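These notes are about the structure you will find just below.
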Protein chains: 2
Amino acid sequence: MDGDKTDRRSQRTRRLLTNALVELLQEKRFDGISVQDILDRADIGRSTFYAHFTSKEDLLYSSLGQMLHSLQMHIEQAEATTAMLPSLELFRHIKGHQRLYIALVTANSLEPIARNLQQQIAQIVEHNLRSQVPANRQLAVPLPVLADFVASAFLSLLVVWLEGNNTWSPEQVDTMFLQMVQPGVKSVLAGGG
Amino acid sequence: MDGDKTDRRSQRTRRLLTNALVELLQEKRFDGISVQDILDRADIGRSTFYAHFTSKEDLLYSSLGQMLHSLQMHIEQAEATTAMLPSLELFRHIKGHQRLYIALVTANSLEPIARNLQQQIAQIVEHNLRSQVPANRQLAVPLPVLADFVASAFLSLLVVWLEGNNTWSPEQVDTMFLQMVQPGVKSVLAGGG
DNA sequence: TAGTAACCGAACAGATTGTTCAATAACGGC
DNA sequence: GCCGTTATTGAACAATCTGTTCGGTTACTA
């Protein structure tokens, strides 16, 4: 059976397909991309594609998974500088992989990705917040909901940033982010009305 | 040519198609729904469909448009009770059209809708905020970005609400929403760091 | 009631999807 | 470097979907 990830040929195929998809994502929407488009761009045989992935969605999530793994590494490395929210690290990591993120997050993107991304980011945030609140404390807003709020605010700012104001630095974006988000988070964690 | 919106037959056709789509959206994702599915469910001829809409997306946006129009009306009616953010009115309106919103906003939804909804809500919010800040004041966060932040936080909470915690009342949800969002908004409008 | 307008439904070309299979090429352990 | 193993190829396949056309039928409305 095909799909051995260690074989050099397999790696090559997977790399070509991933690159082709990323390229195409910068040209048009995901649902406007056919498997045939990917095959043509990657110059890969039809049967080979289906030996590796079950669908174009499968390929997409494989790429997304790689990216999120790298993101997670980045966060954990920087965890020494434990701010209340690790947002600056996120913004920096994204700036470093701009092209892919632009393709994934902005106009060419699609709902499942944004959703998946938001969930992953929410988990990171929740993990961070949980360490700052006693386990048995009752909050006015459940922690998962609060984390989801932070993640969604994060992504919305990301879209604005990547789509339009590419001149802002990660630090500038982070400052804006924190000014909008942090007061609310503090308010909830403090238990104030 | 077909498509006269006043003719009773046209109205019937459009209603049947819209209902069929909403029904199907509660069963599966939009991109998993074919025109054929809609025709079967609505019991409408293929050519008739294309006489009214250019595609299933067209039908979808027509439905979404109706909904947002009704939402806009609802907001404007309630504008007497000018809170800082008209969020409670939004939550109430949504509770009143739960089924459709659940179909549109939650797991069965798709990116273009969420995006469109967010933009529309952001516009409502921006309109509201603009009246509270002098025209020439420079804010640490541009008003459109701030409005986008509010809208995205709103939608994220909406998803949590409609998908899981359906027992919360609009008032409860609104309280949580404001606790998370309002401090940040005030901070930006006040010009504080 | 009569003319107009919408609906039907079958049929069409073109594109897409996911699978199969035998032939070919490349890999990597020995 | 040899050779068995494994991946890739490319063509062909049925099945589905899309958007359009057109002659005939039905139902509205003036």
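Order of the sequence lines sets the chain letters (A, B, ...), proteins ahead of strands, with each chain counted from 1. Since the structure is predicted, the reported quantities are computational estimates derived from the model, not experimental observations.
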In whole Å, I'd like the distance from the CZ atom of A:F53 to the C1' atom of C:dT17. 17 Å
Whether A:R41 and A:E27 form a salt bridge (side-chain N of Lys/Arg under 4.0 Å from carboxylate O of Asp/Glu) is what I want to check. yes
From the candidates C:dA6, C:dT17, C:dC8, the one with an atom nearest any side-chain atom of A:V35 is C:dT17
At under 4.0 Å between heavy atoms, which parts of nucleotides 19-30 of chain C does protein reach? Answer with one letter per nucleotide, 5' to 3': B base, S sugar-phosphate only, - none. BB----BBSS--
B:D31 CG to D:dC17 P, straight-line distance once rounded to whole Å: 13 Å
Under a 4.5 Å cut-off applied to non-hydrogen side-chain atoms, are B:R14 and B:F53 in contact? yes
Check whether any side-chain N or O of B:T48 sits under 4.0 Å from OP1 or OP2 of C:dC8, and answer yes or no. yes
Taking for each residue the nucleotide of DNA chain D bearing the nearest heavy atom, is the 5' side occupied by B:K56 or by A:D43? A:D43
Show the nearest heavy-atom pair for residues B:A190 and B:R137, with the distance to one decimal. C-NH2, 4.2 Å
With side-chain contact (heavy atoms from CB on, under 4.5 Å) as the criterion, how do A:V181 and A:F149 come out once you've worked through the C-alpha distance, each side chain's angles and the decisive distance to 0.1 Å? CA-CA 9 Å; A:V181 169; A:F149 154 72; 4.2 Å; yes
With heavy atoms under 4.0 Å as the rule, sort A:S55 into base, sugar-phosphate or nothing. nothing
Could you give the CG-to-P distance, from B:L39 to C:dG9, as a whole number of Å? 11 Å
Just to confirm, is there a sub-4.0 Å distance from OP1 or OP2 of C:dC7 to any side-chain nitrogen or oxygen of B:H52? yes
To the nearest Å, how far apart are B:R15 CZ and C:dA6 C1'? 15 Å
Can a side chain N or O of A:T13 be found less than 4.0 Å away from OP1 or OP2 on D:dT8? yes
Nearest-nucleotide wise, let me know which of A:D37 and B:R12 is further upstream toward the 5' end of DNA chain C. B:R12
Could you pull out the closest heavy-atom pair between B:W168 and B:W161, with the gap in Å? O-NE1, 3.0 Å
Nearest heavy-atom approach of B:A147 to B:A122 is CB-O, 3.5 Å
Without decimals, in angstroms, what is the distance between B:L59 CG and D:dG19 P? 13 Å
Is the shortest distance from a Lys or Arg side-chain nitrogen in B:D37 or B:K56 to a carboxylate oxygen in the other one below 4.0 Å? no
When rounded to whole Å, the CZ to P distance for the pair A:R14 and D:dT8 reads 10 Å
Can you tell me the distance, in whole Å, between the CD atom of A:Q11 and the C1' atom of D:dT8? 16 Å
From CZ of B:F49 over to P of C:dA6, roughly how many Å is that when rounded to an integer? 17 Å
